[in-house]
Amino acid sequence: MAEETGMFTVHHTIGNVLCCKCGISMQPNAANMCANCLRSEVDITEGLQKHVIICHCPECDRYLQPPRTWIKAQLESKELLTFCVKRLKNLNKVRLVQAEFIWTEPHSKRIKVKLKVQKEVLHGAILEQAYTVEYVVQDQMCEACTRVQANPDQWVAAVQLRQHVSHRRTFFYLEQLILKHDASARAIMIKQMDQGIDMFFSNRSHAVKFVEFIAKVVPSRSRNDKQLVSHDVKSSIYNYKYTFSVEICPVCREDLICLPPKVANSLGNLGPLVICTKVSNNIALLDPFTLRNCFLDAEQYWRSSFKSLLSSRQLVEYIVLDVEAVSSEVNIGGSKYALADAQVARISDFGKNDTIFNVRTHLGHLLNPGDYALGYDLFAANNNDSELDKYKGFVLPDVILVKKSYEEKWQKKRGKSRSWKLKSLNMEIDENVKGRDYVEKNSSEYEQFLRDLEENPDLRFNISLYRNREYQPSEMASVTDGDDAPPSVPLEELLADLDLSEEEANDNDSMRE
């Protein structure tokens, strides 16, 4: 602007001055000292850490970020450099300019990082200085690897889960709940027993937390005991082994129950014959003749406990000949029911007799003539129940239908894989329950459990189902099935099975490339 107007301008020049210490010519600064003299006078790295100890798990190659977080990082990676810098204390007193690794032998258990920092010193002068931080790597196994390497016999607390029934359906469902909520993360060993599961823990508090979890998901009661292992007389230190015995309610879903008179009166003269429709932390009971229902919590059940009159293993298949609706559809406890009068006949009676049963059922919204249903055959059953004998003059119905049957459709789909799968606990099988008969019984009960999940959306509400990568749908099967296909799990309910090991391997491959 000044040149355009023809005005005379004075160019500013910066002269050199002599350093007040060594006398060398230099550009002036606030301290009037050269960089070498300034470094000799002031050390901006004073008070900063030069030696740091870090913990490394040799099994899974992770580093401990205090207090309890373990970080996966490779040598000379960005993640490891960030982790090392964050471990330094008082680094906020200076400004970090640059950080880089200094090569060391991989087996030396030493990691060296070169840092460049800046700080304002005498009279506003900014000094930049580089220094090296040495990290000493100490081996320490993380909790997950410790549990894997631990001796299973060195347990401190054991939880014995038991249910005195003739099947394992409850434990199949309980296993999925444990996996979803990661309730077995602290267990050092899991053993499958005849009528239950044994869980072993290295700490009593872990066992107590697991017992509390079981009480929240199923009606149960527990008691505990302890055994003295050793003690030190001088220091008065006692070592105990703790055992928790947890008994799960023997009533299961779809069981037929004869309520004791005392319980029936307390529930408003419900029943006495009722069906268990759902078992969570409460027991849902339904009268199939009146659609009256009630819920019993664990305290109410154990106050006057009762057993099932007939279990799901005693269900008989019927064919529906005729259905006549009695009432409209109602919603009870999140499930739909409708009363109806039906004519049914046993499948096993075909070609032998013409016995037909007239029954009242709560499945009027599901059954149509020609459908199949599963129910309890009280006409031919031999009942020796003491609670039933207390009801004098009570006439037992011939049949009580429980659910619609898809057995014929399942037969067509036998041997075909599913589009979904379940995870399972890593359990050891007790030697007393091993055998061919046990394996066959266990596989058939597990298959029935999978079918129940497909038929009942409420049952799989609290369970994580994963996509089966090996499943390949057949176009011919989808065309031929049509309306004859049994119930299945919608794809939107499935979760992707995340395999961390595969992802890490892919990341390493991409880093190598």
Side-chain angles (χ1 to χ4, degrees), residues 147 152 155-227 240-255 276-285 295-308 311-312 422-430 433 442 445-446 449 452-453 458-464:
R147 287 194 296 271
W155 56 269
V156 175
V159 179
Q160 299 174 346
L161 284 176
R162 295 294 183 270
Q163 187 185 34
H164 302 295
V165 293
S166 59
H167 55 81
R168 296 187 62 85
R169 292 172 56 195
T170 303
F171 289 101
F172 291 142
Y173 180 72
L174 191 59
E175 179 183 10
Q176 300 305 317
L177 292 179
I178 292 173
L179 286 169
K180 181 175 182 178
H181 297 279
D182 201 20
S184 63
R186 303 286 185 178
I188 61 176
M189 186 176 68
I190 306 174
K191 183 177 288 188
Q192 181 175 327
M193 308 301 290
D194 184 20
Q195 290 185 329
I197 300 174
D198 286 355
M199 312 279 289
F200 299 92
F201 299 89
S202 59
N203 197 316
R204 181 182 180 274
S205 61
H206 299 160
V208 172
K209 187 176 181 180
F210 182 76
V211 172
E212 293 174 352
F213 168 77
I214 295 297
K216 292 178 181 178
V217 295
V218 290
S220 61
R221 62 180 178 182
S222 63
R223 60 186 182 88
N224 60 83
D225 202 351
K226 61 182 180 180
Q227 179 184 3
Y240 292 97
K241 278 193 173 184
Y242 302 89
T243 303
F244 296 82
S245 178
V246 181
E247 182 183 357
I248 300 176
C249 162
V251 176
C252 301
R253 193 176 61 89
E254 298 173 355
D255 284 0
C276 177
T277 57
K278 185 178 180 181
V279 177
S280 56
N281 55 346
N282 295 323
I283 303 174
L285 302 177
F295 295 90
L296 291 178
D297 58 20
E299 183 180 354
Q300 290 174 315
Y301 172 80
W302 293 113
R303 190 184 304 147
S304 55
S305 60
F306 49 84
K307 294 184 179 180
S308 301
S311 66
S312 58
L422 297 174
K423 292 186 176 181
S424 59
L425 292 172
N426 184 18
M427 289 190 292
E428 297 182 6
I429 301 178
D430 187 59
V433 299
N442 196 54
E445 291 178 353
Y446 189 70
F449 170 69
D452 291 342
L453 289 180
D458 296 334
L459 189 61
R460 60 176 182 263
F461 180 75
N462 294 322
I463 292 180
S464 298

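In this text the structure is predicted, and so the values were computed from the model without any measurement.
For the atom pair CG (N462) and NE2 (H181), the distance works out to 6.5 Å, reported to the nearest 0.5 Å. From E175, atom CD reaches atom NZ of K423 across 12.5 Å, with rounding to the nearest 0.5 Å. With rounding to the nearest 0.5 angstrom, the OG atom of S280 is 12.0 Å from the CZ atom of F461. To the nearest 0.5 Å, atoms CZ (F295) and CD1 (I283) are separated by 11.5 Å. Rounding to the nearest 0.5 angstrom, the gap separating the CG atom in L296 from the CG atom in N282 is 8.0 Å. To the nearest 0.5 angstrom, S424 atom OG is 10.0 Å from I190 atom CD1.
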Open item on the list: Before you tell me yes or no, could you show the steps for L179 and L425 under side-chain contact (heavy atoms from CB on, under 4.5 Å), namely the whole-Å CA-CA distance, both residues' side-chain angles and the distance that decides it to 0.1 Å?
Closed with: CA-CA 7 Å; L179 286 169; L425 292 172; 3.4 Å; yes

- [ ] Go through the steps for N224 and Y242 under the test side-chain contact (heavy atoms from CB on, under 4.5 Å), then give the verdict.
- [x] CA-CA 7 Å; N224 60 83; Y242 302 89; over 6 Å; no

Open item on the list: Pair D452, R253 - check side-chain contact (heavy atoms from CB on, under 4.5 Å), show working.
Closed with: CA-CA 11 Å; D452 291 342; R253 193 176 61 89; 3.6 Å; yes

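Shown here are the side chain to side chain donor-acceptor pair (under 3.5 Å) partners of D458, two or more places apart in sequence or in another chain: S335. In this structure, R204 has no salt bridge (Lys or Arg N to Asp or Glu O under 4.0 Å) partners at least two apart in sequence or on a different chain. Not counting sequence neighbours, Q227 has no partner by the side chain to side chain contact (heavy atoms under 4.5 Å, CB included) test. For K180, the side chain to side chain contact (heavy atoms under 4.5 Å, CB included) criterion is met by S464, not counting sequence neighbours.
Between the side chain of Q300 and the backbone N or O of D297, at least one donor-acceptor pair lies under 3.5 Å. A donor-acceptor contact shorter than 3.5 Å is absent between the side chain of Y240 and the backbone of A157.
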Tabulate below the donor-acceptor pairs under 3.5 Å that side-chain atoms of residues 205-223 make, not counting sequence neighbours, or state none.
residue	atom	partner	partner atom	Å
S205	OG	N203	OD1	3.1
R221	NE	E247	OE1	3.2
R221	NH2	E247	OE1	3.2

Please list, one pair per line, the donor and acceptor atoms closer than 3.5 Å that link side chains of residues 160-174 to other protein atoms, with sequence neighbours excluded.
residue	atom	partner	partner atom	Å
R162	NH1	I197	O	3.4
R162	NH1	D198	OD1	2.9
R162	NH2	D198	OD1	3.0
Q163	OE1	T170	OG1	2.9
Q163	NE2	T170	OG1	3.3
Q163	NE2	C249	O	2.8
H164	ND1	Q195	OE1	3.0
H167	ND1	R169	N	3.3
R168	NH1	M193	O	3.2
R169	NH1	S312	OG	2.4

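The two residues V251 and F306 have their closest heavy-atom pair at CG2-O, 3.9 Å. Between C252 and V279, the shortest heavy-atom contact is C-CG2, 4.1 Å.
In this structure, the side chains of F449 and L453 come closer than 4.5 Å at one or more pairs of heavy atoms.
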